[in-house]
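Let me begin by presenting the structure, written as structure tokens, before commenting on it.
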Amino acid sequence: MIVKLTFGCGHLRTNNLDEILSHVNSNLAITDSRSVCGIEHLHQAATLSLSSHNSGFNLSKDKSTEVLLYLTSQRQISKALELAGVNKDTTAVGWVHFGNSAPDLSKIIIEDDLVISIKNYDFSNLAKDIDSSLDDQIKQKIIMTRTATLPVQPR
């Protein structure tokens, strides 16, 4: 079965964390935009999540949670949620949906493609050691390489 991936990002319309989290489900991941190093990084995490679930290498039961694991290169869900999950300080988000019809998130998100960028990425979580003088594209490739190598074992 082919699963369609849909991506988006934008500023939150609300700071009501319960309302935002009420939209999250096994097929919809919403992540703090500062944990995403460009739309390519989000796409990679979603693709790897889908692949791990299809191959039985997944660490979490939900594809949406697996996205957070790949974004942060973590094996622990609680740590991935801490690094990439939406919290009371989140003002902008990225999201990925696994399925044919993308949900209408316009009640909680004002679409803005600029919120997910290398410039807005929080390098303090995964990349304190990356030389800040490097070109943004090089920094993004380093992040994507680190997050793509999440160590997993078959079940």
Side-chain angles (χ1 to χ4, degrees), residues 1-127 140 143-144 146-155:
M1 180 173 108
I2 296 176
V3 175
K4 182 179 176 184
L5 296 174
T6 309
F7 303 90
C9 57
H11 298 279
L12 288 173
R13 290 184 184 269
T14 178
N15 60 357
N16 182 332
L17 193 55
D18 290 335
E19 181 181 358
I20 297 162
L21 294 177
S22 72
H23 292 272
V24 175
N25 60 50
S26 62
N27 290 318
L28 176 65
I30 299 178
T31 182
D32 191 300
S33 64
R34 295 170 293 191
S35 67
V36 183
C37 192
I39 196 71
E40 297 87 356
H41 184 213
L42 184 60
H43 185 271
Q44 173 185 277
T47 302
L48 291 169
S49 170
L50 187 59
S51 177
S52 70
H53 274 261
N54 289 341
S55 303
F57 289 92
N58 51 304
L59 294 172
S60 72
K61 66 178 182 164
D62 295 330
K63 291 183 288 290
S64 61
T65 304
E66 198 85 10
V67 168
L68 299 181
L69 294 172
Y70 277 104
L71 282 175
T72 61
S73 191
Q74 296 293 316
R75 290 180 54 84
Q76 291 182 336
I77 293 170
S78 60
K79 184 70 172 170
L81 286 169
E82 178 184 317
L83 294 173
V86 177
N87 60 55
K88 64 179 179 52
D89 297 322
T90 302
T91 60
V93 296
W95 59 268
V96 59
H97 181 259
F98 300 90
N100 290 329
S101 60
D104 179 13
L105 297 174
S106 62
K107 290 181 181 177
I108 62 166
I109 300 171
I110 302 166
E111 292 287 326
D112 182 353
D113 292 342
L114 300 177
V115 300
I116 291 183
S117 71
I118 301 164
K119 300 252 185 258
N120 293 334
Y121 182 70
D122 182 2
F123 283 90
S124 68
N125 289 330
L126 264 181
Q140 182 185 45
I143 294 299
M144 290 178 66
R146 288 180 180 180
T147 57
T149 57
L150 179 65
V152 295
Q153 300 173 346
R155 294 179 183 211

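All heavy atoms count here, side chains included; hydrogens, waters and symmetry mates do not.
- Contact detail for A80 and T72: the closest heavy-atom pair is CB-OG1, 3.5 Å.
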Derivation and outcome, side chain to side chain contact (heavy atoms under 4.5 Å, CB included), residues H43 and F7
CA-CA 8 Å; H43 185 271; F7 303 90; 3.2 Å; yes

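- Sorted by first then second residue, the ring pair (Phe, Tyr, Trp, His ring centres under 6.0 Å) pairs that include residues 92-112, not counting sequence neighbours, number zero.
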Quick one, T31 with L71, criterion side chain to side chain contact (heavy atoms under 4.5 Å, CB included). Give me CA distance, side-chain angles, the key distance, then yes/no.
CA-CA 9 Å; T31 182; L71 282 175; 3.8 Å; yes

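- Taking both residues in full, the closest heavy atoms of A29 and S64 are given as CB-O, 3.5 Å, listed atom of the first, atom of the second, then distance.
- Every residue meeting the side chain to side chain contact (heavy atoms under 4.5 Å, CB included) condition with I118, not counting sequence neighbours, appears here in chain and number order: C37, F123, D136, Q137, Q140.
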R75 and L69: CA distance, side-chain angles, deciding distance, side chain to side chain contact (heavy atoms under 4.5 Å, CB included) verdict:
CA-CA 6 Å; R75 290 180 54 84; L69 294 172; 5.9 Å; no

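- In this view, D32 and R34 satisfy the salt bridge (charged side-chain N to carboxylate O under 4.0 Å, His left out) rule, not counting sequence neighbours.
- For the pair S49 (side chain) and K63 (backbone), a donor-acceptor distance under 3.5 Å is present.
- To the nearest 0.5 Å, the span separating CG on L105 from SG on C9 amounts to 11.5 Å.
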Begin from the C-alpha positions of L12 and I109 and carry the test side chain to side chain contact (heavy atoms under 4.5 Å, CB included) through to its verdict.
CA-CA 5 Å; L12 288 173; I109 300 171; 4.2 Å; yes

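- To the nearest 0.5 Å, atom NE2 of residue H53 and atom CG of residue L48 are 11.5 Å apart.
- Judged as a salt bridge (Lys or Arg N to Asp or Glu O under 4.0 Å), not a single pair has a partner in residues 87-109 (not counting sequence neighbours).
- How far CG of L83 is from OG of S73: 10.0 Å, rounded to the nearest 0.5 Å.
- E82 pairs by the side chain to side chain contact (heavy atoms under 4.5 Å, CB included) definition with K79, not counting sequence neighbours.
- Listed by first then second residue, pairs satisfying salt bridge (Lys or Arg N to Asp or Glu O under 4.0 Å) with a partner in residues 108-117 number zero, not counting sequence neighbours.
- In this structure T91 satisfies the side-chain hydrogen bond (donor to acceptor under 3.5 Å, both in side chains) test with no other residue, sequence neighbours excluded.
- Shown here for A46 and V67, the closest heavy-atom pair between the two residues is CA-CG2, 4.0 Å.
- Take H11 and apply the ring pair (Phe, Tyr, Trp, His ring centres under 6.0 Å) test, not counting sequence neighbours, and it matches no residue.
- In this view, S101 satisfies the side-chain hydrogen bond (donor to acceptor under 3.5 Å, both in side chains) rule with no residue, not counting sequence neighbours.
- For N25, the side chain to side chain contact (heavy atoms under 4.5 Å, CB included) partners are N27, L28, not counting sequence neighbours.
- In this pair, Y121 and H41 present their aromatic rings perpendicular. The plane angle is above 60°, beyond the 30 to 60° band.
- Legend: salt bridge (Lys or Arg N to Asp or Glu O under 4.0 Å) pairs involving residues 6-27, not counting sequence neighbours: none detected.
- Interatomic distance, CG of N120 versus CG of L114, reported as 8.5 Å (0.5 Å rounding).
- To the nearest 0.5 Å, atoms CD1 (I108) and OG1 (T14) are separated by 8.5 Å.
- Using a 4.5 Å heavy-atom cutoff, the side chains of E66 and S52 are in contact.
- The distance from atom CD1 of I20 to atom CG of L17, rounded to the nearest 0.5 Å, is 6.0 Å.
- Residues meeting the side-chain hydrogen bond (donor to acceptor under 3.5 Å, both in side chains) test with S33, sequence neighbours left out: none.
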